[in-house]
Amino acid sequence: MQDNQGVTLVDDMLWRGLIQDSTDPDELRKHLDGDAITFYVGFDPTAASLHVGNLMQVVTARRLQLAGHNPLLLVGGATGQIGDPGGRSTERQLNPQDVTAGWVLRIRDQLTPFMTFDGDNAATMVNNLDWTGELSVIDFLRDVGKHFPVNKMIARDVVKNRLETGISFTEFSYQLLQANDFYELHSRHDCSLQFGGSDQWGNITAGVDYVRRRGAGPVFAFTTPLVLKADGTKFGKSAGGATWLDPTMTSPYAFYQFWVNADDRDVPHYLRYFSFKTREEIEELEKATAERPQARLAQKELAFEITALVHGEEEANQAVMASQALFGRGSLSDLSADTLRAALSEAGMTQVRGELPTVVALLQEAGLVKSGGDARRTIAEGGAYLNNERITDPEAVIPESALLQGRFLVLRKGKRTFAGVERV
RNA sequence: GGCGGGUUGCCCGAGCGGCCAAUGGGAGCGGACUGUAAAUCCGUCGGGAAACCUUCGCAGGUUCGAAUCCUGCACCCGCCA
């Protein structure tokens, strides 16, 4: 598998830094750069939507499919009910089964646009509940459990880290389920490769070992690196919480802004991990950033590409347009009614009727502050703006003349949080 | 089963009868500097315009007055069995 410039899939992935750990690197290369194979990557339904932290896996699966391999996208209806003990110090709160089942459907829908489901190497959705749900306790303990030495299970980092603080048998068993998934997918779909985030390495190798113990295989695996941020904070969090892929949970505008605001030092990594641009294009962007960082060219290109991938090109264009209108140099009063409406809708629009309220009330209604005190504080700190002019009097009633195009107000908190108001 | 320790604001963590809406740190938020970046510095961080109201696991009680004392309940963590 290689493109017309002779760069193989593995070469490209190595350059991008997508391979953190792998079983036998030479074998992995032969496998991935050879004939089409079937691979799987799993997503557990632990929330109603995937977030940018999951994007690495989604995009990598797409990369492999574009290179000609056959994807199995597993949404863990079974494992999602058990809970991966990894990456946390306390027991998970189990969600009701019907909630998890609902999330499975949503996440399946969410994954769909990233992959192709027809053609020679069509992707397939699978759910481990299909083979785990009916497994009896006796069968599970005899057929699966017998292959897992507890001493090895305990030695795995994720379990070891929890031994002090506590881990239930439920979560302790998680690795058996994931290992069994690999075996089942190997038997049912001839799946020979699993990948996942580096936090999944233990679970993944448990699967590789298990397949071998059952006399099948060989199967291969690799993990993608944890996305790190230069400032040491967690990737994916931005003002107020996670950045979700679901447009009702994180608007396309906010999603676009998430990427635009990426730290200069992180952008080169993000481009490699998430973008489908070529190596030459990426290196070009890096050069541009080094020369004129304030132009944020790389951030903008990255933000557009990822937003278009996740939300479609139309939404991405809207986000760009809104960003230009709101952050642009020009005066807001120069914007047309249509542009204002569209831009503010992207940022979040609130409607008010009749008399315009005080700025404190308006800031609250627009959702920029969480209480009246918060609004007053923000104004006192000089962080509240109406139509890009700093608000100084919290009790001021907004005059009719402030309405842009006779009906819009642009509220801003701090440097970059906008909200629109439309008087109807 | 026994003994001891713990449960405080988003998180960590002081407080141990009034001066406590509760020290300190982190996160968050705002300002300055910039580039919608980083670093740094400053400010802010329950609700209320205020009076004042609601918070310190839950429910009662003692007291003029409790996060602080007592009783019961729940959960967590050690040590012993």
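FYI, side chains are in, hydrogens and waters are out, and symmetry mates aren't considered; it's all heavy atoms of this structure. These figures come from a predicted structure and were not determined experimentally. Numbers restart at 1 for each chain; the letters A, B, ... are given by sequence-line order, proteins then strands.
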For the side chain of A:E381, starting at C-beta, report the closest nucleotide among B:A37, B:C45, B:G43. B:G43

With rounding to the closest Å, how many angstrom separate the P atoms on B:G26 and B:G72? 41 Å

From B:U36, B:G30, B:A38, nucleotide with atom closest to A:T417 side chain: B:G30

Output yes when at least one side-chain N/O atom of A:T378 is less than 4.0 Å from OP1 or OP2 of B:G30, else no. no

Go ahead and name the base partner of B:U40; Watson-Crick or wobble counts if both distances stay under 3.5 Å, otherwise write none. B:A32

Expressed as a whole number of Å, how far does the P atom of B:C10 sit from that of B:C42? 26 Å

At less than 4.0 Å, is any side-chain N or O atom of A:R416 found next to OP1 or OP2 of B:A37? Yes or no. yes

side-chain N/O A:Y270 vs B:A37 OP1/OP2, d < 4.0 Å: no

Across all strands, who's sitting opposite B:G72 as a Watson-Crick or G-U wobble pair, both distances under 3.5 Å? B:C58

Nearest-neighbour nucleotide for the A:Q294 side chain, B:A37, B:G47, B:G35 considered: B:G35

Side-chain touch A:D393/A:V359, heavy atoms, less than 4.5 angstrom: no

B:G17 and B:G13, which share atom name C1', separated by this distance in whole Å: 22 Å

Would you measure the distance from the C1' atom in B:U55 across to the matching atom in B:C33 and give it in whole Å? 39 Å

Taking atom C1' in both B:A59 and B:G30, compute the distance separating them and give it to the nearest angstrom. 41 Å

In whole angstrom, give the distance that lies between atom CD of A:Q364 and atom C1' of B:G48. 11 Å

Winner on side-chain proximity to A:R390, out of B:U36, B:A38, B:G31, is B:G31

Searching all strands shown, indicate the nucleotide that pairs with B:C64 (Watson-Crick or G-U wobble; both distances under 3.5 Å). B:G18

B:G28 OP1/OP2 closer than 4.0 Å to side-chain N/O of A:R377: no

My understanding is that a pair needs two contacts under 3.5 Å, Watson-Crick or G-U wobble. By that rule, which nucleotide pairs with B:C52? B:G47

Aromatic rings A:F195 and A:F222: how do their planes relate, parallel, tilted or perpendicular, breaks at 30° and 60°? parallel

I'd like to know whether NE2 of A:H31 has more than 12 heavy-atom contacts from other residues, nucleotides or ligands below 6.0 angstrom. yes

Winner on side-chain proximity to A:R265, out of B:A38, B:U36, B:C29, is B:A38

Select one nucleotide: of B:G48, B:U44, B:G35, the one nearest the side-chain heavy atoms of A:S371. B:G48

Against the side chain of A:K415, the closest entry in B:G47, B:G35, B:U34 is B:U34

4.5 Å side-chain heavy-atom contact, A:I306 and A:F255: yes

Quick check: do A:T378 and A:L363 have side-chain heavy atoms less than 4.5 Å from each other? no

What's the closest nucleotide to the side chain of A:V260 if the choices are B:U36, B:G35, B:A49? B:U36

Between B:A49 and B:U34, how many Å separate the two P atoms, rounded to a whole number? 36 Å

Any luck finding a side-chain donor-acceptor pair between A:S49 and A:Q110 under 3.5 Å? yes

Could you please name the option among B:A38, B:U36, B:G47 that lies closest to any side-chain atom of A:R296? B:U36

Can you figure out which of B:U36, B:G30, B:A38 approaches the side chain of A:K413 most closely? B:G30

